[in-house]
Amino acid sequence: MVGNPLEPIGFWSYARDDDLLTEGRLSRLRDKVFAELQTHFGRQKIEIFQDRGAISHGEKWEAKIRDAIERATFFIPIVTPGFLESDWCCREISLFLERERALCERFPDLPQVSRIFPIQYLPTAGVAAADPEVGALLRGHQSLDFTELRHDDFDNRAVRSEIAQFAKSILKLLRPEPLDAKAKAVSDPVVPVPSISAPQPQPVPDPASAPPVPVPHDRLRVATKRVERIPPLVERLMNFGHHPVLIFGARGSGKSELFLSILRELRRLPDHAVWHGQSLFDERQLHATEIHDRSLTLFNRCTDQGFTLNDPIVDQSELPFLIPLEIESANGMRVRLALIEGLDREITIGSLNQETGALYPDLSDEISDLIRFYPEGMSVLWLAPPRLRGEGIYDDMTLTGAISRYRELRYDGSDDSHLVMLTKWDLMASPVDDDPRFSAPEPAMIQDILQRDYPNFWPHFNGVLRIWDSPRNFMQYSSAYIVNGLSRVPPQRHIETFKRYPRTLINWMYGNASETVARSMFSSRQALYPELEKRRK
C-alpha cells in the first residue's frame with residue numbers, strides 16, 4: 001500500500017467549561033495546531049472538528065458528536081481535571097477507541113500505532129477519572145505537556161516550537177512512509193537529485209545568445225506568485241478556508257448597518273451553529289488585537305433575539321475591518337466567511353488626478369494584496385445608496401475609483417462574484433408610508449436609479465467586469481427600520497421584508513463560498529434559506 005487512504009480529519013475533545021474559564025484559549029490552541037498542520041498539507045484541506053455550537057446535551061447533540069467521531073482519523077483530547085471528571089469527555093475517548101479498532105481491521109496495512117494525541121493542559125495528579133480505564137490510558141500515553149506554557153503568548157518561541165513538534169507527530173501518522181520504501185532504497189539505483197544548496201554542474205549559456213523563455217499568458221500570475229511571498233492575510237484566508245466577502249462603499253453608504261443585519265440573521269439561524277472565527281491577522285501586526293476585538297464586540301451585540309428596540313445606528317468608528325465567521329450545519333458541514341471592508345479611507349478631491357481624471361481611493365496594503373494574490377473566487381459587494389437632494393456625488397466617484405483599482409490589481413477575476421447593493425432603499429421607498437415599492441420594486445426601476453445616480457460607476461461595473469445585466473448582479477437593500485436615527489422593531493406587515501433582504505444576501509455569499517472554498521464538501525451550490533432560492537427562481 002502506498003500513502004494513506006484516510007482523510008486527515010481530527011476530533012478536538014475538551015471540556016467546554018475549561019474553554020470558557022480560560023477565555024477561549026483552548027479554542028485558540030486548536031486553531032494554532034490546525035494552522036500548523038494545514039501549512040504542511042498545502043492545498044489539501046484538513047479538518048479538526050470542535051463542538052463550539054450552542055446545542056444543548058441531548059439526542060441531537062450526541063448524534064452530532066458520534067457522527068464527527070465516526071469520520072475522525074486522529075483524536076486530540078485536552079486533559080484537565082474537568083476533562084477527566086466529565087462522563088461525556090471520557091465517553092468520547094471510548095467511542096474513538098472503537099473507531100480506531102475499526103480502522104485497523106478495515107485497513108490492515110495502516111501503521112499499528114495509537115491515533116490519540118493528548119495535550120496535558122493542567123496537572124491532573126490525584127484526579128479521579130469518571131472512567132478509570134480512560135484515566136489509566138491517558139496516564140500511560142505520551143502527550144504534549146502544555147502545563148508550563150498555558151499562560152504564555154501563542155507567538156512565544158517556545159510555544160510555537162512545542163506546537164510544531166506536536167503537529168509533526170500527527171503528520172507522521174497522517175503521511176506514513178510507504179511500507180516498501182526501505183526496500184526500494186536498497187534495491188533501486190541511487191539517482192542524485194539536484195538541490196538548491198548544492199546544484200549540479202551545468203553548462204552556462206551565453207546570456208547574449210540565449211533566447212528568453214516565454215511565459216504563457218494564462219500562467220503568468222502563477223509564475224509570479226512562485227517568486228513572491230504570499231501576503232499574510234491571503235495566506236491565513238487560504239489556510240483557514242475563509243471565503244472573502246469584500247465590501248466597497250463610501251462613508252455613509254450603509255456598511256455598518258449591512259454588517260449588523262447580516263449578523264442578526266445568522267445569529268438566529270435554526271439548526272446551525274454560528275460563531276465568530278479566530279483572528280485572521282498576525283497578532284504582531286499593528287492594531288491586530290484592536291481590529292479583532294471590535295469585530296467580536298459587534299458580533300456579540302447581535303443576539304439571537306433579532307430586532308432590538310431603540311438600537312442606535314452604528315457610526316463609522318465602530319466598523320470593524322474584518323469579521324471572520326464560521327457556520328456549521330446540523331450535518332457537520334462547515335463554511336467560513338470573512339466580511340472585509342474594502343476602502344481604507346474616504347476619497348477626497350485631492351485623490352483625483354487632475355490631468356487624467358483617474359479616481360483612485362486609498363486601499364490598504366492588505367486589501368491590495370488580497371485583490372492581487374487571492375487565488376480563488378471572491379464575493380465583492382458594491383454599496384450604492386440612492387442620491388437624495390443632490391447628495392452622493394462622491395459615492396459615484398469613490399465606487400468608480402474602487403472598481404478601476406480592483407480591475408487594475410485583479411489579474412484574473414473570472415471566478416469572482418459581484419453584486420451592486422442599492423442600500424438604504426427605505427429612503428427611496430419608505431416603509432413608514434407603506435410604499436409598495438419597498439417590498440417588491442420592478443428590476444427596471446432599480447437599474448434606472450443606478451444609471452441616474454451612478455453615471456460613472458454603473459457603466460464601469462457592467463463594462464469593466466463584463467457582467468451586462470446578469471440576473472444576480474444588483475438588488476435593493478434595507479438593513480433596518482430607521483425612525484429618528486434609531487433602529488426600531490418594524491411593523492408586523494414589514495417584518496418579513498426586512499428579514500428577506502439580509503437572507504437573500506446571505507444565500508448569495510454562502511452559495512459562492514460553497515462553490516469555491518467548500519467545493520469538495522458539496523455537490524452543488526448551497527443555500528441557508530432554500531425557500532428564498534425557490535422564490536427567486
Side-chain angles (χ1 to χ4, degrees), residues 10-35 48-58 60-62 64-65 68-69 75-93 117-124 127-131 134-135 138 143-156 159 163 240 263 266-269 272-280 283 288-305 320 323-328 330 332 334 336:
F11 187 97
W12 188 263
S13 180
Y14 71 116
R16 193 180 299 175
D17 286 346
D18 289 338
D19 197 37
L20 294 174
L21 292 172
T22 60
E23 298 180 336
R25 285 189 66 84
L26 299 190
S27 293
R28 294 183 64 194
L29 178 58
R30 174 261 179 206
D31 293 338
K32 294 295 182 181
V33 172
F34 168 82
I48 299 180
F49 175 88
Q50 178 185 356
D51 173 32
R52 285 195 272 198
I55 302 176
S56 58
H57 288 206
K60 185 176 181 180
W61 175 83
E62 183 172 342
K64 175 183 175 183
I65 298 300
I69 292 177
F75 188 92
I76 305 177
I78 312 304
V79 185
T80 65
F83 180 94
L84 289 178
E85 293 171 346
S86 166
D87 289 325
W88 185 256
C89 288
C90 291
R91 178 63 176 152
E92 287 178 348
I93 291 184
F117 298 86
I119 296 179
Q120 188 75 39
Y121 195 82
L122 285 170
T124 54
V127 177
D131 185 332
V134 168
L138 292 175
S143 63
L144 166 62
D145 187 354
F146 211 75
T147 57
E148 298 298 323
L149 300 173
R150 68 183 189 276
H151 296 304
D152 291 350
D153 190 277
F154 281 107
D155 284 320
N156 177 290
V159 173
I163 291 175
F240 298 157
L263 295 178
L266 285 176
R267 291 300 299 274
R268 58 182 182 180
L269 189 65
H272 288 72
V274 180
W275 61 88
H276 189 278
Q278 62 186 316
S279 174
L280 294 175
E283 294 176 358
T289 302
E290 178 187 357
I291 290 169
H292 187 68
D293 289 347
R294 286 208 315 263
S295 171
L296 188 58
T297 298
L298 187 63
F299 178 81
N300 290 333
R301 176 177 172 180
C302 299
T303 67
D304 60 2
Q305 300 302 313
I323 304 178
L325 299 171
E326 301 196 23
I327 306 168
E328 185 171 306
R334 185 179 301 182
R336 296 177 175 88

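Below, all heavy atoms of this structure are taken into account, side chains as well, without hydrogens, waters or symmetry copies.
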First locate atom CZ of F11, then atom CD1 of I93, and finally report the distance between them rounded to the nearest 0.5 Å.
10.0 Å
Enter the distance from I65:CD1 to E92:CD here, rounded to the nearest 0.5 Å.
5.5 Å
Distance-minimising heavy-atom pair for D18 and T22:
O-OG1, 2.8 Å
Flag the pair V159 / F146 as yes when at least one side-chain heavy-atom distance between them is below 4.5 Å, and no otherwise.
yes
Minimal heavy-atom distance between G277 and E326, with the atoms involved, is CA-OE2, 4.0 Å
Test side-chain contact (heavy atoms from CB on, under 4.5 Å) applied to A35 - qualifying residues, sequence neighbours left out:
F240
Main-chain N/O of R150 paired with R25 side-chain donor or acceptor, under 3.5 Å
yes
Evaluate the criterion side-chain contact (heavy atoms from CB on, under 4.5 Å) for residue pair F154 and L29; output intermediate values, then yes/no.
CA-CA 8 Å; F154 281 107; L29 178 58; 4.0 Å; yes
First locate atom CG of L21, then atom CG of L26, and finally report the distance between them rounded to the nearest 0.5 Å.
9.5 Å
For E148 and D152, the nearest pair of non-hydrogen atoms, with its separation, is O-OD2, 4.1 Å
Closest non-hydrogen atom pair between P77 and F117, with its separation
CD-O, 3.5 Å
Within this structure, what is the CZ-CD distance for the pair R91 and E62, rounded to the nearest 0.5 Å?
7.5 Å
Kindly indicate, with the supporting measurements, whether the criterion side-chain contact (heavy atoms from CB on, under 4.5 Å) is fulfilled by F83 and T80.
CA-CA 5 Å; F83 180 94; T80 65; 3.5 Å; yes
Where do R334 and I48 come nearest, in terms of heavy atoms and distance?
NH1-O, 4.5 Å
Scanning both residues in full, the closest heavy-atom pair of T124 with P81 reads CG2-N, 3.6 Å
side-chain contact (heavy atoms from CB on, under 4.5 Å), that's the test. Do D19 and I78 meet it? Break it down for me.
CA-CA 10 Å; D19 197 37; I78 312 304; over 6 Å; no
Name all residues meeting the side-chain contact (heavy atoms from CB on, under 4.5 Å) criterion together with S143; count only those two or more places apart in sequence or in a different chain, and write none if there are none.
P118, Q120
For S86 and G82, indicate whether the former's side chain and the latter's backbone hold a donor-acceptor pair under 3.5 Å.
no
Measuring from atom CG of L296 to atom CZ of F299, what distance do you get when rounded to the nearest 0.5 angstrom?
8.0 Å
Going from SG on C90 to CG on L84, what distance comes out if it is rounded to the nearest 0.5 angstrom?
6.0 Å
So, Y14 side chain and C89 main chain: donor-acceptor pair closer than 3.5 Å or not?
no
Between R30 and Q50, is there a donor-acceptor pair closer than 3.5 Å when you use the side chain of the first and the backbone of the second?
no
